Amino acid sequence: MNGELVAWEDAKVHVLTHALHYGTGVFEGIRAYETPRGTAIFRHTDHVERLFRSAGMYLMDIPYTREELRAATHETIVRNSLRSCYIRPLVYRGAGPMGLYPLDSPVEVAIAVWEWGAYLGDEGKQRGVRGKVSSFRRISSDSVIPAAKATGQYVNSVLAKIEVSKAGYEEAILLDDRGMVCEGSGENLFVVKDGLIATPGFSADILGGINRASVITIARDLGYEVVERDVARGELYLADEIFMTGTAAELTPLREVDDRPVGTGEPGEITRTLSGAFHDALYGRSDRYAEWLDVVESPAHTT
Ligand code: PPE
């Protein structure tokens, strides 16, 4: 926290932290995996870059360099003796003057790491999860900045998640303000129909997922055609396969949407192929994508 290693139980903030009241924070979700080269952070540079961009969109000056945040993340992982983990950098407006004008409140930085298993359950990752279109629409660029990963914006995902969870589903699918498919509460979404892969583009107010970009690259490298375009809700019911991508969720298939089975009701061939190649990249089993890994130099790994 702010340049110091702080024990878990002491990692506290003041109750008048600006971000706690007004959602004036930006964050990242990153994962590190145990790979043959040691613990490695997947696309670390891209996540740090997105953090700086999110901060910039909210006019927050991060008081550290990209390299300092990278080194602090490595140190936090090593000091916690974690071989794999989830990483949560958080940049937030701390305690300062109350009221909505944020620019006189300090910009604080914390990086937390912890072990986090399959986000939507091990079974969900294998067999697919049941999704439901939420009645809450995805926040639009009329009101906020969907491309920024800002804490306050996540009440939108929280509302959608509560709604579909209470209805008995595992994940929410949010439509954008035009009624086109946007993304999950914390994942981007892909549909496969007749061998073609489509995913909503930036005009649908998506968060530009780093795993979305990785899966697009992998799919194209494998010879699949991937189109970024508007996806209508009805296409979810016609799709042969649907899957979602995100740091927490990694690649998770959908086996049902709105009580309708997706394709055969089991993860399809393209989903399984992409999932295999994507997990090979995450776990450092793929030479082709080796440059996506930021290896954490740790005494435990270098001996
Ligand atoms: N859309 C949203 C709204 C989102 O929160 C995420 C990540 C994505 C898409 C996928 O982005 P990327 O991780 O770069 O591929 N969601 C993070 C937060 C999850 C949470 O519950 O917290 C994540 O997956 O870490």
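The shown structure was predicted, so the numbers you read here are calculated from the model rather than taken from an experiment. In listed order, ligands and their atoms are each counted from 1. Values reported hereafter were calculated over all heavy atoms of this structure, with side chains retained and with hydrogens, waters and symmetry mates removed.
Taking all heavy atoms of Asn156, Ile139, Asn188 into account, the minimum distance to atom 10 (C) of ligand 1 is reached by Asn188. Across the listed options Arg43, Glu183, Arg31, Glu183 owns the non-hydrogen atom lying nearest to atom 3 (C) of ligand 1. Comparing heavy-atom distances from atom 11 (O) of ligand 1 across Gly209, Gly208, Ser214 singles out Gly209 as nearest.
Ring-plane geometry between Tyr283 and His279 is classed as parallel, the angle between the planes falling under 30 degrees on a 0 to 90 degree scale with a further cut at 60.
Regarding atom 17 (C) of ligand 1, its nearest protein heavy-atom neighbour is Lys149 NZ, 3.2 Å. The protein heavy-atom contact nearest to atom 25 (O) of ligand 1 is Tyr86 OH, 2.4 Å. Residue, atom and distance of the protein heavy atom nearest to atom 24 (O) of ligand 1 are Ala248 N, 2.8 Å. Ranking protein heavy atoms by distance to atom 22 (O) of ligand 1, first place goes to Arg88 NH2, 3.0 Å. The shortest contact between atom 6 (C) of ligand 1 and any protein heavy atom is with Gly186 O, 3.2 Å.
Using 4.0 Å as the threshold, Ser185 has a heavy atom nearer than that to some atom of ligand 1.
No donor-acceptor distance shorter than 3.5 angstrom exists from the side chain of Thr17 to the backbone of Leu20, with no hydrogens or angles considered. Checked by atom type and distance alone, the side chain of Arg50 pairs as donor or acceptor with a backbone atom of Gly208 at under 3.5 Å. Between the side chain of Glu241 and the backbone N or O of Ile270, at least one donor-acceptor pair lies under 3.5 Å.
Between Ile210 and ligand 1, a contact under 3.5 Å exists for at least one N or O pair. Considering backbone and side-chain N/O atoms, Tyr119 comes within less than 3.5 Å of an N/O atom of ligand 1. Ligand 1 has no nitrogen or oxygen under 3.5 angstrom from a nitrogen or oxygen of Arg138.
In this structure, Val181 and Ala204 approach most closely via the heavy-atom pair O-CB, 4.2 Å. Summarising the geometry of Glu163 relative to Ser134, their closest heavy-atom pair is OE1-OG, 2.6 Å, with the distance given to 0.1 Å.
For the residue pair Arg43/Ser214, the side-chain donor-acceptor check at 3.5 Å is satisfied.
Under a 4.0 Å criterion applied to the non-hydrogen atoms of Thr247, ligand 1 contributes the atoms 12 (P), 13 (O), 15 (O), 23 (C), 24 (O), 25 (O). Of all atoms in ligand 1, listed by their number and element, those nearer than 4.0 Å to a heavy atom of Asn211 are 12 (P), 13 (O), 15 (O). When each atom of ligand 1 is checked for a heavy atom of Tyr154 under 4.0 Å away, the hits are 2 (C), 3 (C), 4 (C), 5 (O).
With a 6.0 Å cutoff to the six-membered ring centre and a 45° limit on the axis angle, Arg31 does not count as a cation-pi contact of Phe42. Cation-pi geometry between Lys125 and Phe243 is not satisfied (NZ or CZ under 6.0 Å from the ring centre, within 45° of the ring normal).
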Exercise for the section: Starting from the C-alpha separation in whole Å, work towards a yes-or-no answer on side chain to side chain donor-acceptor pair (under 3.5 Å) for Thr245 and Glu187. Expected result: CA-CA 5 Å; Thr245 61; Glu187 308 88 3; over 6 Å; no

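With a heavy-atom cut-off of 4.0 Å, Glu28 does not touch ligand 1 at all.
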